[in-house]
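In this chain, numbering begins with 1 at the start of the sequence shown. Everything quoted here is computed from the prediction, not taken from an experiment. Atoms within a ligand are numbered from 1 in the order they appear, just like the ligands themselves.
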Amino acid sequence: MPSDPTFSSPGLDAAAALFEWYAAMGVDVTLADAPLDRFEESAKAKAAAEGQAARRQLPPTEARRPMPAAEFASQGAPARPPVAAGPTAQVPTEATVMQARVAAQSAKTLDELKALIQAFDGCNLKLTAKNTVFADGNPASKLMLVGEAPGRDEDIAGLPFVGRSGQLLDRMLNAIGYSRKQNAYIANVIYWRPPGNRDPSDVEVAICRPFILRQIELIDPTLIIFLGAQPAKALLGGEAVKQGINKLRGRWCDLEIGSKRFKALPTFHPAYLLRTPIKKREAWRDFLTAKVFLENGGMLPPT
Ligand code: URA
C-alpha cells in the first residue's frame with residue numbers, strides 16, 4: 001500500500017503494513033466487529049466444565065439448589081461474584097455457519113462445492129463419519145430429491161439413499177418413469193452420518209444448510225421433492241417448522257434462494273413408508289403430481 005505523506009505517521013505506517021500482511025495472507029473479510037480471544041474462551045469453557053463436574057459430585061438436590069444469599073453471607077464469604085456469562089456454543093457456531101456460507105458461495109461448480117464440503121472441518125459429524133455423502137444421480141436433472149442425512153449404508157458407500165429406503169425410492173422413481181441414473185438427482189441436507197442415526201442437531205443443520213442451498217442453486221432443478229419433514233423444515237423455515245409431515249406433504253411450497261424461487265413438494269420419507277405402507281398411496285399421488293408438473297414444463301396443473 002503506497003503511503004500518503006499527508007497521513008504518514010509511525011502508527012499509521014504500522015497499521016498499513018499490518019493490513020498489507022493480512023491481505024497477502026488471504027485475510028480479506030472480518031467476521032465480527034471486535035476481536036475474539038479464543039484462548040480466553042477455551043479457558044472459561046474449561047473452568048465451567050470443571051465447575052459442572054464438581055457440582056455433579058454433590059447429591060442431586062444440593063447440586064441443583066443455589067445457596068441462599070443469607071447462608072452464603074453467614075459463612076463469611078465475600079459478596080457473591082457476578083455470574084460470568086458462561087461460554088456457549090453461540091459464537092463459534094455463528095462463526096462456523098458464516099464460514100460455511102462463505103465457502104458455499106465461493107463454489108462456482110458442483111465439483112468445486114463437493115471439494116469444499118469434503119475439505120470443510122466445521123461440522124462435528126465429519127469426525128465420526130466414514131465418508132462425505134455429497135449426491136448421486138444426473139446433475140442435469142429437472143428433478144432433485146432432498147433427504148435428511150446419510151445412514152449406515154450411505155456412510156459406507158459415500159452415496160445417498162443406497163440402503164433399504166433408497167431401494168424403495170428407486171422403485172418409486174421408476175414407477176413414474178424416472179431414475180437416478182437418467183433424470184433424477186439426489187442429495188441430503190446433512191453430508192455426514194449422525195452417529196447411531198440420531199437426528200441431526202439444529203447446529204449441524206445450520207452448518208450444512210448453506211452448502212445444500214448452494215447445491216440446489218447449482219443444479220437449478222424445476223422441482224425439488226423433500227423426502228420427509230426434516231428437509232422441508234430445514235430449508236423452508238418459517239411456518240413449515242411448526243408443521244408435521246402429514247400437513248406438509250403434497251402441498252406446493254416455494255424455496256427462495258437469492259433471487260431465485262424453486263418449486264418444492266414435500267412427501268413422506270421412504271423409511272417411513274417402509275414402516276407405514278398404508279401411506280404409500282399418498283406418496284404415490286405426490287410422485288404423480290411431480291411427474292405432471294415436470295412434464296407440463298414446470299407449470300402447476302389447473303385445479
Ligand atoms: N435417509 C436419508 O434421509 N438419506 C439417506 O441418504 C439415506 C436415508
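F293 pairs in a side chain to side chain contact (heavy atoms under 4.5 Å, CB included) with only one of the listed residues (L143, L288, L223), which is L223. For the side chain to side chain contact (heavy atoms under 4.5 Å, CB included) criterion with S179, the lone passing option out of N138, N174, D170 is N174.
With A149, G147, G163 as candidates, the residue nearest to atom 5 (C) of ligand 1 on a non-hydrogen basis is A149. Looking at P270, S165, P160 and measuring to atom 8 (C) of ligand 1, the nearest heavy atom belongs to S165.
Counting only distance, with no hydrogens or angles, the side chain of K247 and the backbone of A240 share no donor-acceptor pair below 3.5 Å. Looking at R249, its side chain never comes within 3.5 Å of a backbone N or O of A283 through a donor-acceptor pair.
With rounding to the nearest 0.5 Å, the separation of CG in D155 from CZ in R152 is 9.0 Å.
Among protein heavy atoms, atom 4 (N) of ligand 1 sits closest to N188 OD1, 2.8 Å. With respect to atom 1 (N) of ligand 1, the closest heavy atom belonging to the protein is H269 NE2, 3.2 Å.
For ligand 1, the polar-atom distance check finds no N/O of P150 at less than 3.5 Å from any of the ligand's N/O atoms.
Here E148 has heavy atoms under 4.0 Å from ligand 1 in both its backbone and its side chain.
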